[in-house]
Amino acid sequence: MGTKHLYIETYGCQMNEYDSDRIKNALDAEPTDDPKKADIIIVNTCAIREKADQKAFSGLGKYKSIKANKPDVIVGISGCVAQLYGDTLLKKIPHLDFVLGTRAIPKLPEIISNIESQKRRTVETSYDLEELFEVEPYHKRGKVTAFVSVQQGCNKRCTYCIVPQVRGDEVNRPLPDILKETTNLIEKGVKEITFIGQTVNSWKENGYKFGDLIRAAGEIEDLERIRFTTSYPRDITKRMIDAMKEVPQVCHHLHLPVQSGSNKVLSNMKRTYTREWYVDTIARLKDAVPDITISTDIIIGFPGETDRDFQETMSLMREIEFESSYSFKFSPRPGTPAAEYEKEQTVDPDIASARLSELQAFQKDITEKKNLSRVGHIEEVLVEGESRNDPNFLSGRTDHNRILNFKGTKDLVGKTVQVRVTEGLLNSLRGELVK
Ligand code: 5AD
């Protein structure tokens with residue numbers, strides 16, 4: 001058989017995107033954008049909310065007819081939904097050939113070859129697998145940004161969250177491995193690295209802490225920008241803040257999910273900090289890095305959330321004025337403590353929807369206001385590629401993680417340029433190149 005073609009559909013977070021790229025490399029197959037041309041089809045799934053996990057099933061449903069027409073096609077599910085439901089998926093989905101858990105990517109070649117030789121459907125969802133980080137991700141030629149995973153799993157026990165169940169306990173990757181993967185990417189032309197982990201700043205390994213990782217990355221030649229996500233508030237230490245202040249490549253943006261502005265709700269979520277502590281932490285960050293921008297995540301309608309709790313969240317939104325925020329309606333996940341609370345303290349779905357709309361309308365105004373306030377400023381932009389909507393425009397991000405589009409030619413891709421902002425829109429900025 002000649003080169004195999006792989007089609008992979010990805011849902012969810014950066015870790016899933018990263019894992020999809022690892023799957024591409026693990027298989028040594030040619031990625032294709034057309035599932036009809038594929039020999040292997042994989043849906044890499046997200047279980048964070050019920051909606052996301054339903055997407056996995058409708059995603060897989062699309063490939064039923066392809067499999068019916070071409071029985072040799074191998075169809076698999078990977079990621080968090082695969083880990084969550086395991087072998088029940090094989091029963092539920094007759095055209096499925098394998099279920100690959102979140103820690104099993106290095107096993108994939110073996111699984112595929114077993115299916116080919118023995119036509120046996122396979123489930124691999126063990127947590128005891130070694131060589132967790134073994135397969136490095138596929139890197140698309142010419143791409144100037146990349147993720148590097150520094151950790152798998154999570155040791156926090158937020159009562160709403162399914163992640164510890166589907167990604168296991170926290171395992172931190174050794175510093176030399178992280179630096180090696182980063183250096184390899186730089187050699188391929190990457191200029192900006194985003195370190196990723198479920199609670200990235202809780203990373204610690206062999207006596208090193210997260211601040212040391214930032215400093216070590218700062219020593220890598222030709223690495224122009226360092227980002228990391230997602231940070232957990234309680235793991236923000238002085239060592240980390242000092243590193244952010246002193247390492248010039250670190251971008252001045254932090255994603256710091258607060259989830260709620262009510263201490264009662266935060267406590268029921270087991271977030272381990274209070275509103276006051278969070279506000280103080282932002283003050284410490286701004287003290288060290290005055291122009292830092294903060295984005296956040298909010299859950300609306302957590303069991304027992306009263307109107308007063310919601311008003312506290314709104315007052316926090318007004319107090320901090322986040323650069324942007326992702327907000328979600330609470331979704332009960334199987335096996336989590338909050339799914340139990342939900343049975344007794346459900347927030348009326350209409351009330352939750354109204355609260356969500358109110359919060360999102362407020363955020364929209366703030367984001368627009370902040371984007372407008374950049375007009376006239378000169379921003380440094382790392383050019384990532386042509387703009388999606390217009391090939392005459394280039395697109396990149398500012399230090400503060402805003403998208404900035406401007407007229408320019410393709411030879412600027414990969415360069416850091418100065419752009420004067422001329423327009424502030426809701427989701428991006430527009431500007432013109434400064435000579
Ligand atoms: N319901 C709704 N939102 C959730 N999140 C995590 N678990 C749930 C849940 N059960 C949100 C949190 C988290 C983001 C990635 O998803 O805000 O920060």
Side-chain angles (χ1 to χ4, degrees), residues 10-19 44-56 79-81 83-84 102 147 151-167 170 194 196-202 228-236 254-262 265-266 268-273 275 278 281 294-305 309-310 313-314 316-317 320 322-343 345-349 351-353 355-357 359-360 363:
T10 309
Y11 295 100
C13 65
Q14 289 97 338
M15 196 59 87
N16 267 12
E17 283 179 43
Y18 182 84
D19 281 347
N44 192 15
T45 59
C46 169
I48 198 88
R49 284 169 292 273
E50 200 181 351
K51 254 194 213 153
D53 111 11
Q54 283 162 1
K55 271 192 205 157
C80 296
V81 173
Q83 188 71 44
L84 184 61
T102 50
F147 296 136
Q151 126 195 118
Q152 292 257 12
C154 187
N155 277 351
K156 315 299 180 203
R157 290 293 178 266
C158 306
T159 55
Y160 51 80
C161 191
I162 192 106
V163 167
Q165 235 186 97
V166 293
R167 286 196 172 268
E170 180 180 303
T194 303
I196 58 171
Q198 235 52 249
T199 54
V200 70
N201 59 327
S202 70
F228 45 87
T229 200
T230 293
S231 295
Y232 182 75
R234 266 302 281 268
D235 288 321
I236 292 189
L254 195 68
H255 186 61
L256 197 62
V258 65
Q259 312 298 2
S260 172
S262 151
V265 175
L266 286 173
N268 291 338
M269 290 175 165
K270 287 220 166 52
R271 286 293 286 179
T272 71
Y273 53 83
R275 172 200 178 115
Y278 183 92
T281 299
I294 311 284
S295 57
T296 203
D297 291 345
I298 303 280
I299 296 176
I300 293 292
F302 186 83
E305 182 192 74
D309 295 320
F310 173 66
T313 298
M314 286 306 296
L316 183 74
M317 301 300 284
I320 299 199
F322 293 102
E323 201 64 25
S324 64
S325 64
Y326 301 90
S327 43
F328 316 95
K329 235 198 270 187
F330 169 74
S331 167
R333 306 309 292 131
T336 61
E340 294 305 309
Y341 312 160
E342 158 86 355
K343 290 176 186 158
Q345 305 179 67
T346 320
V347 174
D348 180 288
I351 292 177
S353 297
R355 287 177 187 164
L356 188 66
S357 304
L359 184 132
Q360 290 180 342
Q363 182 62 59

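Basis for what follows: all heavy atoms, side chains included, without hydrogens, waters or symmetry-related copies. Each ligand, and each atom within it, is numbered from 1 in the order the structure gives.
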Check: ligand 1 versus K329, non-hydrogen atoms closer than 4.0 Å: side chain, backbone, both, neither?
Finding: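 Within the 4.0 Å criterion, K329 contacts ligand 1 through backbone atoms alone.
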Next item on the list: Of the side chain and backbone of Y160, name the one, both, or neither that has a heavy atom under 4.0 Å from an atom of ligand 1.
Entry: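 Under 4.0 Å from ligand 1, Y160 contributes backbone and side-chain atoms.
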Checklist line | Sequence neighbours excluded - salt bridge (Lys or Arg N to Asp or Glu O under 4.0 Å) pairs with any residue from residues 331-341 | finding: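 Every salt bridge (Lys or Arg N to Asp or Glu O under 4.0 Å) pair that includes a residue of residues 331-341, provided the two are not neighbours, is D53-R333, E340-K343.
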Item checked: Parallel, tilted or perpendicular: rings of Y278 and Y273 (30°, 60°) ->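 Because their plane-to-plane angle lies in the 30° to 60° range, the rings of Y273 and Y278 count as tilted.
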Does one side chain, of [X] or [Y], offer a donor that lies under 3.5 Å from an acceptor on the other?
| X | Y | result |
| --- | --- | --- |
| S202 | E170 | yes |
| R49 | Y160 | no |
| S331 | E50 | no |

Next item on the list: Give yes if a backbone or side-chain nitrogen or oxygen of S331 is under 3.5 Å from a nitrogen or oxygen of ligand 1, and no if not.
Entry: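 In this structure, S331 places an N or O atom under 3.5 Å from an N or O of ligand 1.
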Which ligand 1 atoms, with their elements, are less than 4.0 angstrom from a heavy-atom of [X]?
| X | value |
| --- | --- |
| R333 | 10 (N) |
| Q259 | 12 (C), 13 (C), 17 (O), 18 (O) |
| F330 | 1 (N), 2 (C) |

Check: At what distance is the nearest protein heavy atom to atom 3 (N) of ligand 1, and which residue and atom is it?
Finding: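 The closest heavy atom on the protein side is R49 NH1, 3.4 Å.
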Next item on the list: Could you find the nearest protein heavy atom to atom 14 (C) of ligand 1 and give me its residue, atom name and distance?
Entry: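 Here the closest protein heavy atom is D297 OD2, 3.4 Å.
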Next item on the list: Evaluate the side-chain proximity of R355 to T313: yes if any heavy-atom separation is below 4.5 Å, no if none is.
Entry: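 No, too far: nothing below the 4.5 Å cut-off.
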